[in-house]
Structure formats: C-alpha cells, structure tokens
Amino acid sequence: MKRWRPRPDERERVARIWQALADTYPDARTELAFGNPFELLCAVILSAQCTDVRVNLVTPGLFRRFPDARALASADVAEVAALIRSCGLWPAKSRNLVAMAGMLVARHRGEVPDTREALEALPGVGRKTANVVLAQAFGVPALAVDTHVFRVARRLGLSRARDVLGVEEDLGIRLPQESWAEGHHWLILHGRRVCVARKPRCASCSLAADCPGAEPW
DNA sequence: ATCCCGAGGG
DNA sequence: CCCTCTGGAT
C-alpha cells in the first residue's frame, strides 16, 4: 500500500484557500468564546443540528446552574432538558451531558481530558466534537469536519474529499500553526454565508479563483 | 420540502 | 450502509 502524499500544486492551493478564509472572516474567533474546556465541550455538544445563536442563548443559564462537571454529574436530566430545550435534540443531549459529566468525574477528576481516545469515549462525543475541543481548548492540530466543512471541501475538489478523514488530511496540511482554533470556524462561516447547500453564492466567494466548481452547481 | 457546528444504534 | 432524534432557517 502506497503512502499518500499531497501533490505540490494542491498544497499551494490549500495554502491560498486558508489565506483567503483568514482575510474574509477576521471575526471568527469571537463567535464561540467560552471560559474553560468544560463549557466549550458542553457548548459543542449542544451545537449539533442547531445554530450558535440558540446555543449562546441557553449556555449562560446552564452554566450558572451547573458551573462544572461535578455539579452537572449529579443533575436531574429533566432539569437539564428544560434548560436546553430550544436547542433541539434535547432528549439525547440532556442525557449525554449528565452522563458525560459523570464520566469526567469518575475517570478524569472532573476535568476535560486532552486526548482523542478519552474524549471520544465520552457519551455524546464523536470525532467532530473531539476535534473541536482538541484544537480550541488544547491547541492540538485537529480539524473538525462537519457537514459544512465537508461540503466546502467537496466543492473545492480536494483530492481526498470522499470522506471525513480525507478532508482532515487535505485541509490540515497547510493550516497555519497559529490558526488551528479558528480554521474550523472560517469554514463554518463560509459554508453558512457563501458556500451554502442549495444555491451557493459563487459570485461573492473569496475562494472562487481556486474552486473548480465555481460557476455551475 | 430540505438541511443543519452529529452521535448512536441497527 | 442506513435510520432516528429536535427545532429552526431558508
């Protein structure tokens, strides 16, 4: 089995893409600002299938009532559900939040672990959520690939954009070291504002010069 | 009607 | 691989 290597021209293209995203979305860092890894982890779990606006609406109340893993671990699931109801998927999310906090207390002294294995072992935490926490809370090079990121990568025609791992590798090769925390947000914003699912606004896309599918779609 | 800052389960 | 779970946006 031959080891995959990015072609030089694609490396340069990806570098240009990151630069364009950085220039286009200088406001990305402030969109999700949380005080500690615990709050970040909870907020990312809440954000599944739901906009950041609604997440930011419920998190203040949630964290005031349950400030840390120890408090949340002994919470009544129904009370958590009531606090996060407007975020959607609340049956699973509330159950997972309490169970997740319980595991933080039982296995990690109430702290958020900093390894992929430990994070993905938490209930309600998959690869995407683990990558967000790794990158934003611990500065670990990990690109979170959600449906927005995946769609953008696919339209850009990146060589391994057939699956999530391929997208991580395609885009990760040229993400600047100091930008791991924001890279994910740039792509999210781009996927929401410009490279939208139904009718992408290619005319006002800052990546159009490097996108093979700029016109049709 | 379709899709989404997913994950778990069949 | 498929499906379901919520509510909101478009």
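Predicted, not measured: the structure shown is a model, and the values here were computed from it. Below, chain A is the first sequence line, B the second, and so on; all start at residue 1.
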**Prompt:** What integer distance in Å separates A/Ile188:CD1 from C/dA9:C1'?
**Reply:** 16 Å

**Message:** So if I take every side-chain heavy atom of A/Ala197 and compare against B/dA7, C/dT10, B/dC4, which nucleotide ends up nearest?
**Reply:** B/dC4

**Prompt:** Would you say A/Trp90 reaches C/dG7's phosphate, i.e. side-chain N/O to OP1/OP2 under 4.0 Å?
**Reply:** yes

**Request:** Using whole Å, report how far CG of A/Leu41 lies from P of B/dA7.
**Result:** 11 Å

**Atom-to-atom span, CG of A/Asp146 to C1' of B/dA7 - whole angstrom** = 13 Å

**Fill in**
note: A/Ile45, atom CD1; C/dC5, atom P; distance rounded to Å ~ 21 Å

**Request:** Could you check A/Cys50 against A/Glu120 and say which one's nearest nucleotide on DNA chain B is further toward the 5' end?
**Result:** A/Cys50

**Asked** Base, sugar-phosphate, or nothing: which does A/Val125 touch, judged by heavy atoms less than 4.0 Å apart?
**Response** sugar-phosphate

**Complete:** Among the nucleotides C/dC5, B/dC4, B/dA7, whichever has the atom closest to the side chain of A/Lys128 is B/dA7

**Item:** A/Arg198 side-chain proximity, nearest of C/dT10, C/dC5, B/dC4
**Value:** C/dT10

**Item:** Result of checking A/Ile84, A/Asn56, A/Leu89 against A/Leu46 for side-chain contact (heavy atoms from CB on, under 4.5 Å)
**Value:** A/Ile84

**Message:** On the nucleotide B/dG6, are OP1 or OP2 found under 4.0 Å from the side-chain N or O atoms that A/Gln49 carries?
**Reply:** yes

**Asked** For the side chain of A/Thr129, counting heavy atoms from C-beta on, which of B/dA7, C/dC5, B/dC4 is nearest?
**Response** B/dA7

**Asked** Can you check the A/Asn96 CG to B/dG8 P distance for me, whole Å?
**Response** 6 Å

**Complete:** Quick note, A/Ala48 side chain, CB onward, closest among B/dC3, C/dC5, B/dG6 is B/dG6

**Request:** Could you tell me the separation between the CG atom of A/Leu46 and the P atom of B/dA7, rounded to a whole number of Å?
**Result:** 13 Å

**Request:** State whether the side chain of A/Asp170 and the backbone N or O of A/Arg160 hold a donor-acceptor pair below 3.5 Å, judged by distance alone.
**Result:** yes

**Prompt:** Just how far, in rounded Å, is P of B/dG6 from CZ of A/Arg54?
**Reply:** 11 Å

**Request:** Go through the steps to decide whether A/His185 and A/Tyr25 satisfy the test side chain to side chain donor-acceptor pair (under 3.5 Å), and finish with yes or no.
**Result:** CA-CA 9 Å; A/His185 274 293; A/Tyr25 305 106; over 6 Å; no

**Message:** Can you tell me whether the side chain of A/Arg85 and the base of C/dT6 have a donor-acceptor pair closer than 3.5 Å?
**Reply:** no

**Prompt:** If you look at every heavy atom in A/Ala142 and A/Arg116, which pair is closest and at what distance?
**Reply:** CB-NH2, 4.2 Å

**Request:** Please check the phosphate of C/dA9 (OP1 and OP2 only) for any side-chain N or O of A/Arg192 closer than 4.0 Å.
**Result:** no

**Message:** For a quick test of reading the model, state the closest non-hydrogen atom pair linking A/Pro200 to A/Cys195 and the distance between them.
**Reply:** CB-CA, 4.3 Å

**Request:** Could you tell me the separation between the CZ atom of A/Arg201 and the C1' atom of C/dT10, rounded to a whole number of Å?
**Result:** 10 Å

**Message:** Students often get this wrong, so: under 4.0 angstrom with heavy atoms, is A/Arg151 touching a base, only sugar-phosphate, or nothing?
**Reply:** sugar-phosphate

**Prompt:** For A/Ala118, does its backbone N or O pair with a side-chain atom of A/Thr115 as donor and acceptor, under 3.5 Å?
**Reply:** yes

**Fill in**
Assert: residue with more 5' nearest nucleotide on DNA chain B, out of A/Pro123 and A/Ser47, is A/Ser47

**Asked** Reckon A/Thr51 has a side-chain N or O less than 4.0 Å from the OP1 or OP2 of C/dA9?
**Response** no

